[in-house]
Amino acid sequence: MAEDQGRRAFLRLAAAAGGAGLLSACSRGGGSSTASPKASATASSSATAAGVAGAAAPAATQSPSPADWTALGRDLSGSLVRPGEAAYTVSKRLFDPRFDSLRPAGIAYCRNPHDVATCLAFVRKFGVPVAARCGGHSYAGWSSTSGLIVDVTRMAGVNVSGSTATVGAGTRLIDFYDGLAAHGRGVPGGSCPTVGIAGLTLGGGVGVVSRAYGLTSDNVQSLQIVTADGQVRTCSSSQNPDLFWACRGGGGGNFGVVTSFTFRTHPVGQIVLFFLSWPWSQAARVISAWQSWAPHAPDALWSNLHLSAAPGGSVPAIEVGGTYLGSLSAASAQLDKLYAAAGSHPSSPFMETTSWLHAMLVEAGCASLTVDQCHLPTQNPAGQLARASEFAKSDFFTKPLSSHGIGTLLAGVESFQRAGGAPGASGGIAFDALGGAVNRVAPDATAFVHRDALFQAQYTTTWPTGSAGSPGAAGSAGAAVARQHAWQQSFWQTMRPYASGQAYQNYIDPALASWRQAYYGANYTRLTQVKGTYDPDRVFTFPQAI
Ligand SMILES: Cc1cc2nc3c(=O)[nH]c(=O)nc-3n(C[C@H](O)[C@H](O)[C@H](O)COP(=O)(O)OP(=O)(O)OC[C@H]3O[C@@H](n4cnc5c(N)ncnc54)[C@H](O)[C@@H]3O)c2cc1C
């Protein structure tokens, strides 16, 4: 392959297959930066669920008056944005325009733990619902509320000292990787550049190099959190160890507002990136080969498998992406094993050695962007990313799919073509290989219980938000998105016989009835005990709160 051609193929595949198959919701042009009028006017099912979170807050003794809100604003060293102010429309937004109809009573941009404690005293005094917000990527919109959003993004930054890094809880993933890379260090994490380190870490954090270095949460040495009583607590294996345990996988929004994390970091330099695709006719063999290869490969190899389809498209796509911590020749030797098992070479292979930071940009869908550009315009004036809408569900798989299971999987992806989705929509499933360091941690060592899976899967469907509206929107666009949602639910349902029954708490799913068992398994009881100790009045609550 000529170098230019190879580079183009690489960028195309990087955009299509990288980032745990999630780039569609993170990459440039993935959606409109402003919500469609229809989406804003009509609450989606998840937006309704977020409203329920507000209703479940502690009873108010007396509602705060405008003067009380003004006093709160005065008491903060950060800022408070209220309805009617110019900044309100942008300040209340989450990443997904589906939630633009939510109207919090205030958004507090906290600059330090004292600001957070001030906010918590306010919500306790007046019984105002509260939600912590970092990157705003909650799939259910549960970092918004009808009450006060405690936004931590002003507490951002990466401070490296030797092999550890103290990171402000409001740091976004691309800034996390950038800040660490400046010191030749890295921590495993997810792909989407605008995801917040707080939400990601509190629920686990699966992604690039997890098989080598574990989950993001496995690398936390200590953290600082403001609990409902306003106390600023340090948590580590020796200080508040029960809360430390719960904050590593117990999920965001449950135990307090985290203000910083201290991570163990790893030396990083060059890394091999690969993106491979096959004709759909080979899909069954590639899936069979990938599932017996990726979870059992050396820890240095991390890989995902992405199957995707478009409405009415001729054939779906199958792509394998990943990274390798080692030489190009050693990576090739690993990939040869995949090709041998699949019985064919990819029709579109690309592999290159690159810097750690560039690899993170590629995985983020920012292959041709700078770090500054790899943001939303509201986060960085140079930002070129757009917000996007997506429905997600997840599964863990502890056994390889049988040939019948692979047939069901392929049929599910193919059926998206006939599902009547919106123009420009996509639907599919992305598998992340597990095993390695993730599975060497005992299921009860941290709150992240999923330690025996071969891979996890995320079922996604996206649509261009500027044109298609939300599922609740009137007219054909809203109906098309509703059909996509129905497709996703039914695809997930057909995979029940093959999946473990566990689900990823960070792909929080309002439709999941068995969420306690699915997210937390045997750890749920201990999580409720920690909740009882640190938030007995359930100041922090939402529909799937511990
Ligand atoms: C497009 C996209 C791509 C993703 N890619 C990956 C991936 O590659 N790997 C992966 O593991 N996950 C991934 N995720 C899932 C992601 O980890 C979760 O959605 C995560 O909760 C987002 O965190 P956030 O801070 O951006 O979101 P937010 O919506 O701000 O927060 C999520 C939850 O955490 C709470 N929270 C936020 N800040 C704090 C805080 N400081 N203290 C306490 N609670 C807090 C919120 O109240 C909310 O309940 C992805 C999600 C999306 C939408």
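Read the numbers this way: they start at 1 and go in the same order the structure lists the ligands and their atoms. When a residue number appears, it is its place in the shown sequence, counting from 1.
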* Please determine if Asp218 and Arg440 form a salt bridge, counting it only when a charged side-chain N lies under 4.0 Å from a carboxylate O. => no
* Atoms of ligand 1 close to Ser138 [distance to a heavy atom under 4.0 angstrom, numbered from 1] -> 27 (O), 28 (P), 29 (O)
* Between Ser91 (side chain) and Ala87 (backbone), is there a donor-acceptor pair under 3.5 Å? -> yes
* Taking atom 10 (C) of ligand 1 as the point of reference, which of Val130, Val208, Leu94, Leu200 owns the nearest heavy atom? -> Leu200
* Under 3.5 Å between some N or O of ligand 1 and some N or O of Ala132? -> yes
* To do: For atom 28 (P) of ligand 1, state which one of Pro188, Gly136, Gly199 supplies the nearest heavy atom.
  => Gly136
* Ion pair present between Arg154 and Asp115, side-chain N to carboxylate O less than 4.0 angstrom? -> no
* Leu202 and ligand 1 - part of the residue with a heavy-atom distance under 4.0 Å -> side chain
* Asked: Between Phe244 and Arg248, is there a cation-pi geometry (under 6.0 Å to ring centre, at most 45° from the normal)?
  -> yes
* Ignoring hydrogens and angles, tell me if any N or O in the side chain of Tyr504 forms a donor-acceptor pair with the backbone of Gly205 under 3.5 Å. => yes
* Number the atoms of ligand 1 from 1 as they appear, then name those within less than 4.0 Å of a heavy atom of Ala198, with their elements. => 38 (N), 39 (C), 40 (C), 41 (N)
* Selected option - heavy-atom contact closest to atom 44 (N) of ligand 1, from Gly253, Cys134, Cys247 -> Gly253
* Structure fact -> Here the side chain to side chain donor-acceptor pair (under 3.5 Å) pairs for residues 251-263, sequence neighbours left out, are Thr166-Thr262, Gln224-Thr259
* **Inter-residue atom distance Ile197.CD1 - Leu173.CG, 0.5 Å rounding** => 5.5 Å
* **N or O pair under 3.5 Å between Ile197 and ligand 1** => no
* Asked: Does any N/O atom on Gly190 come nearer than 3.5 Å to any N/O atom on ligand 1?
  -> no
* Any side-chain donor near an acceptor of the partner, Thr533 and Asp242, under 3.5 Å -> no
* Shortest reach to atom 3 (C) of ligand 1 by a heavy atom, considering only Ala140, Ser191, Cys192 -> Cys192
* Side chain, backbone, both or neither: Val152 near ligand 1, heavy atoms under 4.0 Å -> side chain
* Trp142 pairs by ring pair (Phe, Tyr, Trp, His ring centres under 6.0 Å) with which of Phe542, Phe99, Phe540? -> Phe542
* Structure fact -> In terms of its nearest heavy atom to atom 31 (O) of ligand 1, the top option of Ser143, Gly251, Cys110, Ser394 is Ser143
* To do: Would you mind running through ligand 1 and noting each atom that sits below 4.0 Å from a heavy atom of Gly256?
  => 42 (N), 43 (C)
* To do: Check whether any N or O atom of Gly207, backbone or side chain, sits under 3.5 Å from an N or O atom of ligand 1, and answer yes or no.
  => no
* Numbering the atoms of ligand 1 from 1, which are under 4.0 Å from a heavy atom of Gly205? -> 11 (O)
* Region of Phe542 that comes within reach of ligand 1 [heavy atoms, distance under 4.0 Å] -> neither
* Could you list which atoms of ligand 1 come closer than 4.0 Å to a heavy atom of Gly252? => 34 (O), 35 (C), 44 (N), 49 (O)
* **ligand 1 N/O within reach of Tyr504 N/O, cut-off under 3.5 Å** => yes
* Where's the contact between Phe255 and ligand 1, heavy-atom distance under 4.0 Å: side chain, backbone, both or neither? -> neither
* Asked: Who's closest to atom 50 (C) of ligand 1 heavy-atom-wise, of Val116, Val195, Leu173, Ile149?
  -> Val195
* Are a donor atom and an acceptor atom from the side chains of Tyr139 and Glu390 found within less than 3.5 Å of each other? -> yes
* To do: Assess the side chains of Thr201 and Thr216: does a donor N or O sit below 3.5 Å from an acceptor N or O?
  => no
* Does ligand 1 have any atom that is closer than 4.0 Å to a heavy atom of Gly204? -> no
* May I have the step-by-step check of side chain to side chain contact (heavy atoms under 4.5 Å, CB included) for Leu276 and Trp290, ending in yes or no? => CA-CA 12 Å; Leu276 322 163; Trp290 183 87; over 6 Å; no
* Cys374: disulfide bond (SG atoms under 2.5 Å apart) partners, not counting sequence neighbours -> Cys366
